[in-house]
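We name chains A, B, ... by the order of the sequence lines, and we start the count at 1 in each one.
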Amino acid sequence: MSLMIYNTLGGRKDVFQPLEPNKVTMYVCGPTVYNLAHIGNARPVVVFDVLFRLLQTQYDTVIYARNITDVDDKIIAAARESQRSIEAVTEEFTAKYREDMARLNALPPTLEPHATHNIAAMIELTETLIAKGHAYESQGHVLFAVESMPDYGKLSGRVLDDMLAGARVEVADYKRHPGDFVLWKPAKAEEPGWDSPWGRGRPGWHLECSAMIRAHLGETIDIHGGGRDLIFPHHENEIAQSRCAHGGDYVRYWMHNAYLDIDGEKMSKSLGNFHTVRDLLQHYRGEVLRFALLSAHYRSPLNFSFELLQQAEAALGSFYSTLRDVQDIELDVEVQLEDEPFYRALNDDLNTPLAIAELHALAKQMHKAAAAEKPMLKARMLAAGNLLGILAQDPEAWLQGGVEAGELSAEEIEERINARQQAKLNRDYAGADAIREELLAKGVVLEDSRDGTKWRRG
RNA sequence: GGCUCGGUGGCAGAGUGGUCAUGCAGCGGAUUGCAAAUCCGUCAACGCCGGGUCGAUUCCGACCCGAGCCUCCA
């Protein structure tokens, strides 16, 4: 089965073929570590985590790099505001970012290059660009000359002349062309800086990705991912830097996720309409957040709401409930992924909503299945869950757990269930129902079955 | 203004040139001491207008509406 990927460059789905037959290199734009990640920032992380898992089922070597931008104007500003050192700020938010993403069941990337550890590579790249006539020094800055690249704008479908027509930006006087962008800029004394042929300074925003990809993954990588808003200028400029410096292809497949909306508007830090992952984790388990993020296709906007999270929670609860019914069944069967509808769905440009629908279909089959069919169905559900990064918990623990501690402990609940059982034996159904109601009022749902009474929070 | 991308049932959200998405919610039934879970059945959509087609939500064109990028942002 071949993986189809929608390539922003070209605007259509293509069969994915890595440069080398059994190796895939993938790079996703990571965080600028100056504050907490919001749930919109988590979307690419979760989406590309699914891709990472999927690729690993097909290729022996998958190298997935996600950078940490730890030098940036916003970081400097954040450090100044909180009267802390740059390092204190970046270390704190790097650690918190890793924790938050781990709680969303995102696997750690293979590599996590830091911008500040790769300054030499950036300087070298800048020197190459100057030597080849694609960059120039001006008033202490080094700028990339967009006019030196004939097909600049190809990724975003822009033409330099058109961009000028609508330009609203004041053009810095050190630029030859308004579209020229900074590779290296001078650092003030109190700002972080590194010695370079152009004096003490620091890199421009776009430079780090090009330099680190080249340093850690090679001149040409297979997949580069990120949010849609990075297409221009960030990724366009990365292409310009890398292709002009090294020639050849930079990235074979560009993938861009759509954003999360709040009331039809993009969730963003600048609009202030965001929820941090950390905040949401106070109320919802990471797996619920993850499921919610996967409930829409990654290229479609996803309207974020509490209803969405509640639906995600309900869906996961129902899957875990199905799995609880078969929790004692041993797995000694092997799933043939190639035959699986959910696998087919994921291979079609990561169609996670369809994969989830197939998971519902599997659950439904499980409910009707004869005993002999259940081990395979369970294995298939878990295999699907594994690729989506969900359903790996103990079902009982999931159903009885939760972020918001209930009013009752498990022991207290068991005690009430026993009391109710006794009432039932005494034919005191009114008493038994009273206990059911009492527990329900405290968020505990009882389910009677031949095997006794099960409970869950819900 | 330029460049992108969208508009699917009450909600979320896939997909397709011709009887089915799926989930949640609703309605009816089975089951249950009562419930829950589950099962069966059921309601309901494809922005608007035109064009081609035997037939379009799906293709083409215009229009309306929305979002994003062009400035830090996933």
Side-chain angles (χ1 to χ4, degrees), chain A residues 8 11 28-32 34-35 37-48 72-74 77 153 155-170 178-179 205 225-234 236 256-261 264-271 274 292-293 295-305 307-308 310-315 317-319 321-322 324-325 345 348 351-361 363-364 366-368 424 427-430 432-434 436-437 439-440 444-449 453-456 458:
Chain A
T8 306
V28 174
C29 287
T32 300
Y34 69 105
N35 62 9
H38 64 65
I39 187 71
N41 300 133
R43 189 174 193 187
V45 173
V46 168
V47 163
F48 290 105
D72 175 272
D73 289 350
K74 293 188 296 282
L155 179 70
S156 53
R158 283 157 211 257
V159 181
L160 280 178
D161 292 346
D162 293 348
M163 282 161 51
L164 290 182
R168 294 180 200 153
V169 197
E170 207 175 310
W205 174 35
R228 225 178 167 75
D229 45 359
L230 295 180
I231 295 173
F232 190 90
H234 186 52
E236 195 71 74
H256 294 98
N257 60 280
Y259 344 81
L260 251 56
D261 288 349
E265 245 189 342
K266 174 185 177 184
M267 178 188 288
S268 77
K269 287 175 183 169
S270 43
L271 289 173
F274 64 91
L293 291 175
S295 67
H297 185 83
Y298 77 93
R299 282 190 287 113
S300 298
L302 173 58
N303 200 34
F304 187 82
S305 65
E307 290 72 29
L308 174 73
Q310 261 138 27
Q311 283 209 11
E313 185 141 57
S318 105
F319 290 139
S321 187
T322 303
R324 175 164 69 172
D325 292 341
D348 184 11
N351 193 333
T352 53
L354 187 54
I356 289 169
E358 300 296 352
L359 201 42
H360 282 292
K364 192 166 198 147
M366 178 80 84
H367 297 139
K368 298 198 227 181
K424 281 168 66 176
R427 306 245 159 220
D428 174 14
Y429 290 117
D433 288 350
R436 179 197 289 291
E437 292 302 319
L439 289 174
L440 188 59
V444 177
V445 180
L446 300 186
E447 297 179 17
D448 290 338
S449 74
T453 300
K454 294 174 179 173
W455 65 273
R456 63 188 159 84

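The P atoms of G10(B) and G26(B) are separated by 15 Å, rounded to the nearest whole Å. For the C1' atom pair drawn from C46(B) and A12(B), the interatomic distance equals 15 Å after rounding to whole Å. Only the P atoms considered, C49(B) is 43 Å distant from C72(B), to the nearest whole Å. Taking atom P on both nucleotides, A21(B) is separated from G47(B) by 16 Å, rounded to a whole Å. Comparing the C1' positions of C39(B) and U32(B) gives an interatomic distance of 13 Å, to the nearest angstrom. Nucleotides U16(B) and U58(B) place their C1' atoms 6 Å apart, quoted to the nearest Å.
Two rings, from F319(A) and H360(A), have their centers less than 6.0 Å apart.
Interface remark: the D448(A) side chain does form a donor-acceptor pair with the C34(B) base, using a distance-only criterion of under 3.5 Å. Evaluation of atom-type donor-acceptor distances gives no pair under 3.5 Å for the side chain of R228(A) against the base of C69(B). Between the side chain of D433(A) and the base of G33(B), at least one donor-acceptor pair of N or O atoms lies under 3.5 Å. Judged by distance alone with a 3.5 Å cut-off, no donor-acceptor contact links the side chain of R299(A) to the base of C5(B).
Regarding R324(A), its CZ atom lies at a distance of 15 Å from the P atom of A36(B), rounded to whole Å. Following rounding to the nearest Å, K269(A) (NZ) and C72(B) (P) show an atom-to-atom distance of 15 Å. Rounded to an integer number of Å, the gap from E236(A) CD to C69(B) P is 16 Å. Remark: C1' of C34(B) and CG of L440(A) are 13 Å apart, rounded to the nearest angstrom. I231(A) places its CD1 atom 14 Å from the C1' atom of A67(B), with the value rounded to the nearest Å.
In this structure, K368(A) reaches the C40(B) phosphate: one of its side-chain N or O atoms is under 4.0 Å from OP1 or OP2.
Using a distance-only test at 3.5 Å, with no hydrogens or angles considered, a donor-acceptor pair links the side chain of H38(A) to the main chain of N41(A). The main-chain N or O of G153(A) is found under 3.5 Å from a side-chain atom of E236(A) such that the two form a donor-acceptor pair.
For the pair E437(A) and P44(A), nearest-nucleotide mapping onto RNA chain B gives the more 5' position to E437(A).
Of the candidates C70(B), A14(B), G33(B), C70(B) carries the atom nearest the F232(A) side chain, counting heavy atoms from C-beta on. Checking C69(B), G33(B), G13(B) against the side-chain heavy atoms of D229(A) singles out C69(B) as nearest. Of the candidates A12(B), G13(B), C34(B), C34(B) carries the atom nearest the R436(A) side chain, counting heavy atoms from C-beta on. Of the candidates A37(B), G33(B), C3(B), the closest approach to any side-chain atom of R456(A) belongs to A37(B). Ranking G13(B), G33(B), C69(B) by closeness to the L302(A) side chain, first place goes to G13(B). Checking A14(B), A12(B), C39(B) against the side-chain heavy atoms of A296(A) singles out A14(B) as nearest. Each of G33(B), A36(B), C69(B) was ranked by its minimum atom distance to the side chain of K424(A); first place goes to G33(B).
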Please produce a list of atom pairs where a protein N or O lies less than 3.5 Å from an N or O of nucleotides 20-27 of chain B.
residue	atom	partner	partner atom	Å
G23(B)	N2	Q311(A)	OE1	3.2
G23(B)	N2	Q311(A)	NE2	3.2

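With rounding to the nearest 0.5 angstrom, the CZ atom of R456(A) is 9.5 Å from the CG atom of L446(A).
Using a 4.0 Å cut-off between charged nitrogen and carboxylate oxygen, D448(A) and K454(A) do not count as a salt-bridge pair.
Cation-pi geometry between R158(A) and F232(A) is satisfied (NZ or CZ under 6.0 Å from the ring centre, within 45° of the ring normal).
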### Query
Would you write out the dot-bracket form of RNA chain B, 5' to 3', with Watson-Crick and G-U pairs under 3.5 Å, [ ] for crossing pairs, | for pairs to other strands and . for unpaired bases?
(((((((..(((.....[...))).(((((.......)))))....(.(((..]....))).))))))))....
